[in-house]
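Notes to accompany the following structure.
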Amino acid sequence: MAVVETPVGESISVALPGLARALISAGKLGQKAAEDIYRKAQSGRTSFIAELTGSGSVSASDLAHTMSSAFGAPLLDLSAIDPQRVPRNLLDSKICQDFRVVVLSKRNNRLIVATADPSDQQAAERIKFSTQLGVDWIIAEYDKLSKLVDATTTSASESMDKIIGNEFEFDESSLETNVVDDAEAATSDVEDAPVVKFLQKMLLDAFGMRASDLHFEPYEHTYRVRFRIDGELREIASPPVGIKDKLASRIKVISKMDISEKRIPQDGKMKLKVGPDRVIDFRVSTLPTLFGEKIVIRILDPSSAKLGIDALGYEPEEKERLLAAVQRPYGMVLVTGPTGSGKTVSLYTCLNLLNKPGVNIATAEDPSEINLPGVNQVNVNDKAGLTFAAALKSFLRQDPDIIMVGEIRDLETADISIKAAQTGHLVLSTLHTNDAPTTLTRMRNMGIAPFNIASSVILITAQRLARRLCANCKAPADIPHETLLEAGYTDEEIDGSWTPYRPVGCSMCNNGYKGRVGIYQVMPISDEIQRIILRDGSSMDIAAQAKSEGVRSLRDSGLLKVRTGMTSLEEVLGCTNE
């Protein structure tokens with residue numbers, strides 16, 4: 001039994017999981033460290049093993065070897081397992097997802113099951129109850145096991161016919177009469193089991209494929225579902241068009257929207273438990289179109305803000321500039337870029353670094369996408385009068401140290417933000433501009449006086465997201481010397497010491513790309529740039545001065561990523577302008 005201190009100083013006894021006790025007995029984990037990880041897992045609604053491996057306290061490989069020795073179970077490297085040959089009909093996929101287990105084979109009346117936690121009695125009991133078979137554990141590394149679980153669960157597109165069956169066969173001439181017009185009828189629709197299963201499959205598949213958004217799009221005679229994966233939309237499924245109203249009603253109910261209102265856009269939120277590891281939040285938006293409501297679901301993964309600044313793709317000097325700026329006691333740091341360029345993740349990564357017990361942080365967002373414990377987050381509500389400007393005014397009466405404004409949209413918000421930055425507060429915010437130098441002229445065009453800009457803004461970061469080449473299949477690219485020069489390289493840089501790569505495509509990636517990497521232009525506001533602002537200089541003057549001070553443009557930063565083999569030249573040319 002572990003003793004845990006409550007906030008009021010009382011002690012309560014908490015039974016640590018068997019996995020924790022085994023690690024403590026093996027000398028791989030200290031008692032206090034185990035208790036801390038257990039508390040974090042409880043507060044973050046994740047499993048102990050997920051929090052353990054995620055924190056780096058014990059590596060997945062070390063954990064597997066320790067469990068194999070402690071429980072006398074054989075150890076298996078899942079890298080040698082072909083996902084296509086894993087049996088999929090021996091155990092319900094939901095149990096596999098919930099407990100992160102994979103059935104490898106069946107021998108007589110027993111199942112051979114891969115697990116990272118052989119001490120999990122609940123998993124063993126659930127498998128026995130579901131299959132009426134015994135369980136023999138095989139130990140596997142947790143990270144490889146999680147990948148195999150995701151790879152062996154049936155995709156939504158493959159199982160759609162089984163889920164939906166003939167439930168939605170209909171005569172197209174009866175479409176109008178089948179439209180639900182009242183809340184009571186809509187409520188009965190959402191009880192349709194195939195719709196519930198189909199939606200759950202789509203959400204789980206989107207999470208497993210690392211999608212950022214799901215698009216449910218109704219047309220006159222068709223209905224399609226697309227996922228945005230690594231910045232590109234891909235069609236995943238084409239369910240019968242008759243499902244559209246029932247699916248929209250189901251999503252509205254669980255997102256706490258008005259299911260009887262179909263004439264105006266609505267916004268909502270919902271949650272989905274993805275195994276024992278975490279609960280994922282989704283932001284839901286509906287839009288009335290000619291043939292029904294288009295629904296877009298954004299996946300909000302709080303873990304993205306906790307990856308650390310090193311995972312975002314900053315070059316060492318860029319990271320140093322950013323960290324130096326956010327450690328300042330006052331001033332304004334701006335992150336710019338188009339929608340979907342990762343501005344929110346960058347801001348929350350900085351907030352996560354600054355989030356300490358002695359600091360008061362307040363954020364105003366529309367809406368708040370990432371929940372960060374210890375930060376006072378406010379959703380703006382224009383209809384109720386809670387605008388960015390109103391929230392900022394209130395923040396200044398709440399004794400803040402750091403303020404984050406989701407977006408500076410108007411002169412009033414900009415004016416209050418600048419005054420806050422000038423009066424001893426660190427202000428973080430975003431603007432929609434093409435690069436760092438044009439941000440300053442954009443603020444000038446909003447009506448902000450040059451002196452206020454020069455005296456408050458301390459750093460501007462412009463960013464884009466480029467698709468990252470798959471390390472498993474990328475191949476050297478034969479790019480002509482002239483093409484490299486046109487892209488922005490100098491003759492000195494094309495010296496043969498590096499090789500550009502191109503996408504190929506394999507079973508582990510999406511058309512040659514897997515994940516995305518940030519491209520950044522990090523521009524501190526130097527004394528000389530302040531002088532240019534004060535004399536109302538142009539963005540070209542500011543860009544020239546920044547370049548002379550060693551600030552890379554977005555294109556130059558992208559070309560550097562090509563030299564290191566992270567992305568392809570065509571990807572950089574497509575997401576940056578020069």
Side-chain angles (χ1 to χ4, degrees), residues 79 82-84 147 151 208-213 226-236 304 307 309-319 337-342 345-346 434-436 461-522 543 547 550-578:
S79 301
D82 182 0
Q84 302 300 321
K147 290 179 182 177
M209 297 170 73
R210 307 184 318 279
S212 61
D213 301 86
R226 294 191 292 173
F227 293 173
R228 187 175 293 280
I229 302 171
D230 295 337
E232 286 195 337
L233 280 171
R234 294 174 54 192
E235 185 167 339
I236 300 298
S304 61
L307 294 175
I309 196 166
D310 293 322
L312 298 183
Y314 285 93
E315 298 299 329
E317 62 272 24
E318 294 171 344
K319 182 178 75 171
T339 301
S341 60
V345 171
S346 293
N434 292 326
D435 58 16
T461 296
Q463 64 183 69
R464 300 289 188 276
L465 287 178
R467 290 181 294 171
R468 190 190 294 264
L469 283 168
C470 174
N472 184 60
C473 67
K474 67 180 181 180
D478 185 14
I479 302 176
H481 186 275
E482 294 76 14
T483 303
L484 293 174
L485 287 174
E486 290 177 6
Y489 288 109
T490 63
D491 283 312
E492 291 77 16
E493 291 172 329
I494 312 172
D495 56 5
S497 63
W498 57 277
T499 303
Y501 287 88
R502 60 179 175 84
V504 177
C506 65
S507 60
M508 299 175 63
C509 64
N510 300 308
N511 300 319
Y513 295 97
K514 186 175 182 180
R516 290 191 285 179
V517 64
I519 296 175
Y520 302 94
Q521 180 186 27
V522 182
K547 186 174 183 180
V551 175
R552 294 190 190 92
S553 67
L554 283 167
R555 171 63 61 84
D556 291 338
S557 182
L559 294 178
L560 185 59
K561 293 291 193 295
V562 175
R563 291 180 62 182
T564 57
M566 285 189 184
T567 188
S568 63
L569 182 61
E570 56 263 36
E571 181 69 11
V572 169
L573 297 179
C575 67
T576 62
N577 296 319
E578 189 73 353

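Computation of the quantities below employed the complete heavy-atom set of this structure, encompassing side-chain atoms and omitting hydrogens, waters and symmetry-equivalent molecules.
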**OP:** Would you sort out whether Gln521 and Asp556 count as a side-chain contact (heavy atoms from CB on, under 4.5 Å), showing the intermediate values?
**Re:** CA-CA 9 Å; Gln521 180 186 27; Asp556 291 338; over 6 Å; no

Is the backbone of [Y] close enough, under 3.5 Å, to the side chain of [X] for a donor and an acceptor to pair up by distance?
X	Y	result
Trp498	Glu493	yes
Ser557	Ile519	no
Glu318	Glu315	yes
Gln463	Gly342	yes
Tyr520	Leu312	yes
Lys514	Asn472	no
Thr461	Val522	no

Let me confirm one number: the [atom1]-[atom2] distance from [X] to [Y], rounded to the nearest 0.5 Å.
X	Y	atom1	atom2	answer
Leu484	Asp491	CG	CG	10.5 Å
Asn434	Leu554	CG	CG	9.0 Å
Arg555	Cys575	CZ	SG	8.5 Å
Asp478	Thr483	CG	OG1	9.5 Å
Phe227	Ile236	CZ	CD1	5.0 Å
Arg502	Leu469	CZ	CG	10.5 Å

Quick one: are [X] and [Y] in side-chain contact, heavy atoms under 4.5 Å?
X	Y	result
Cys470	Val504	no
Leu465	Val517	no
Arg228	Leu233	yes
Arg516	Arg467	yes
Leu569	Pro500	no
Glu571	Tyr513	yes

Original post:
Is atom CG of Asp495 surrounded by more than 12 heavy atoms (other residues, nucleotides or ligands) closer than 6.0 Å?
Top reply: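 Count over threshold, so yes.
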
Original post:
Taking it one step at a time, do Met566 and Leu560 satisfy side-chain contact (heavy atoms from CB on, under 4.5 Å)?
Top reply: CA-CA 9 Å; Met566 285 189 184; Leu560 185 59; over 6 Å; no

Subject >> Nearest non-hydrogen partners of Ala466 and Thr567, listed with the distance >> reply: CB-OG1, 4.2 Å

Original post:
Which heavy atom in Tyr314 sits nearest to a heavy atom in Ser346, and how many Å separate them?
Top reply: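 Looking at all heavy atoms of both residues, the shortest contact is OH-OG, 3.9 Å.
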
Original post:
How would you list, by chain and number, every residue that makes a salt bridge (Lys or Arg N to Asp or Glu O under 4.0 Å) with Arg464, sequence neighbours excluded?
Top reply: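 Counting only residues at least two positions away or on another chain, Arg464 forms no salt bridge (Lys or Arg N to Asp or Glu O under 4.0 Å).
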
**OP:** Return the set of residues passing salt bridge (Lys or Arg N to Asp or Glu O under 4.0 Å) with Glu235 (not counting sequence neighbours), or none when no residue passes.
**Re:** none

